[in-house]
Amino acid sequence: SIKPNAEQERDIRARYPGVIRSVHKSAGDSVAKGDVLLTVESNESLQVYSVPSPLSGQVLERSVNPGDSVDASRVLMKVADLSSVWGEFAVFARDLAHVRRGMRVSFRGAGADETGESSISYVAPAGHADSQSVVARAVVENRDGRWVPGQFISGDVVTAEAQVPVAVAPSAVQKIK
């Protein structure tokens with residue numbers, strides 16, 4: 001499946017406990033680095049401070065509204081740069097010995113024109129007991145936004161390549177009009 005690139009995703013929290021005074025962005029909104037996402041009135045100083053976006057991207061989640069009481073542990077929003085995403089693939093035990101970092105992977109979505117290619121950047125050191133599989137991940141360039149987090153994909157890993165001679169002699173090919 002397609003997932004946000006966790007290296008380009010941030011949880012937005014309040015620096016100091018307080019009350020949300022205003023929320024300027026909603027889920028799905030685009031943001032630039034430094035845009036004010038919300039304002040919080042500090043419980044101690046009663047000063048209102050702004051919470052800016054730490055990166056350019058899109059608001060994935062919003063979990064607060066004006067008047068909500070917050071502290072530093074609560075995630076208020078999630079912001080992600082979706083110009084690159086992760087393609088995560090389940091590799092089963094019988095295939096695990098053949099899949100390594102750096103190998104090419106061709107993948108496809110639900111539509112016939114939804115195809116892409118990348119290389120394996122990570123193979124998990126431990127698996128999932130319930131599915132008996134290990135996650136292999138590829139970083140997928142997504143500047144056009146066609147790969148949406150949550151979208152299912154399937155992939156084929158190129159485990160070996162070989163040069164072979166032509167199996168059909170050119171004289172055997174017929175042109176039919």
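For this chain, numbers begin at 1 and follow the sequence in order. Small disclaimer: the values here were computed from a predicted structure and weren't measured.
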> Are more than 12 heavy atoms, taken from residues, nucleotides or ligands other than K78, located less than 6.0 Å from that residue's NZ atom?
yes
> Identify the two heavy atoms, one from P4 and one from P149, that lie closest to each other, and give their separation to 0.1 Å.
CD-CB, 3.7 Å
> What is the minimum heavy-atom distance between A72 and R13, and which atoms define it?
O-CD, 3.0 Å
> Answer yes or no: is there a side-chain heavy-atom contact under 4.5 Å between M77 and V51?
no
> Are V19 and I12 connected, step by step, through hydrophobic side chains (Ile, Leu, Val, Met, Phe, Trp, Tyr) whose heavy atoms are closer than 4.5 Å?
no
> Membership question, hydrophobic clusters at under 4.5 Å side-chain separation (ILVMFWY): are V135 and I120 in the same one?
no
> Look at the side chain of D29 and the backbone N and O of V59, then say whether any donor-acceptor pair between them is shorter than 3.5 Å.
no
> Determine the minimum heavy-atom distance between L55 and R10, stating which atoms define it.
CD2-CG, 3.3 Å
> Less than 4.5 Å apart, any side-chain heavy atom of D81 and any of S56?
no
> Quick one: closest heavy-atom pair of S121 and V139, and the distance?
OG-CG2, 3.8 Å
> Are the charged groups of R146 and E114 less than 4.0 angstrom apart, N to O?
no
> To the nearest 0.5 Å, what is the distance between NZ on K25 and CG on L37?
8.0 Å
> Between S42 and Q47, is there a donor-acceptor pair closer than 3.5 Å when you use the side chain of the first and the backbone of the second?
no
> Between V105 and E117, does the side-chain contact (heavy atoms from CB on, under 4.5 Å) criterion hold? Intermediate values first, please.
CA-CA 6 Å; V105 59; E117 191 169 292; over 6 Å; no
> So if you build clusters from Ile, Leu, Val, Met, Phe, Trp, Tyr with side-chain heavy-atom gaps below 4.5 Å, do V40 and V79 land together?
yes
> Would you call the rings of F107 and F89 parallel, tilted or perpendicular, taking 30° and 60° as the class edges?
tilted
> Just how far is it from atom CG of D11 to atom CD of E61, taken to the nearest 0.5 Å?
8.0 Å
> Between the side chain of S63 and the main-chain N/O of L76, is any donor-acceptor distance below 3.5 Å?
yes
> What's the shortest heavy-atom distance between S83 and Q8, and which atoms?
OG-OE1, 4.0 Å
> Taking all atoms of both residues into account, what is the closest heavy-atom pair of V31 and S53, and its distance?
CG2-OG, 3.6 Å
> Report yes if some heavy atom in the side chain of D71 is under 4.5 Å from a heavy atom in the side chain of N43; otherwise report no.
no
> With rounding to the nearest 0.5 angstrom, report the OG to CZ distance, S154 to R108.
3.5 Å
> Can you tell me how far the CE atom of M103 sits from the OG1 atom of T159, to the nearest 0.5 Å?
6.0 Å
> Are the side chains of L60 and L82 in touch, meaning some heavy atoms are under 4.5 Å apart?
yes
> When you compare the side chain of E41 with that of L46, does any pair of heavy atoms fall below 4.5 Å?
yes
> Counting distance only, does the side-chain N/O of R94 pair as donor-acceptor with the main-chain N or O of V91 below 3.5 Å?
no
> Tell me if a side-chain donor or acceptor on Q58 pairs with a main-chain N or O of G28 at a distance below 3.5 Å.
yes
> Do other residues, nucleotides or ligands put more than 12 heavy atoms under 6.0 Å from the CZ atom of R21?
yes
> When you measure from the side chain of Q151 to the backbone N and O of I153, does any donor-acceptor pair fall under 3.5 Å?
no
> Cut-off 3.5 Å, side chains only: do N5 and S84 have a donor facing an acceptor?
yes
> Spell out, yes or no, whether W86 and V99 are grouped together once hydrophobic residues are joined by side-chain heavy atoms under 4.5 Å, including indirect joins.
no
> Taking C-beta and beyond as the side chain, do S50 and T39 meet within less than 4.5 Å on heavy atoms?
yes
> If you measure from CZ on R74 to OG on S69, what distance do you get to the nearest 0.5 Å?
8.5 Å
> Is a donor on one side and an acceptor on the other found under 3.5 Å between the side chain of Y49 and the backbone of Y16?
yes
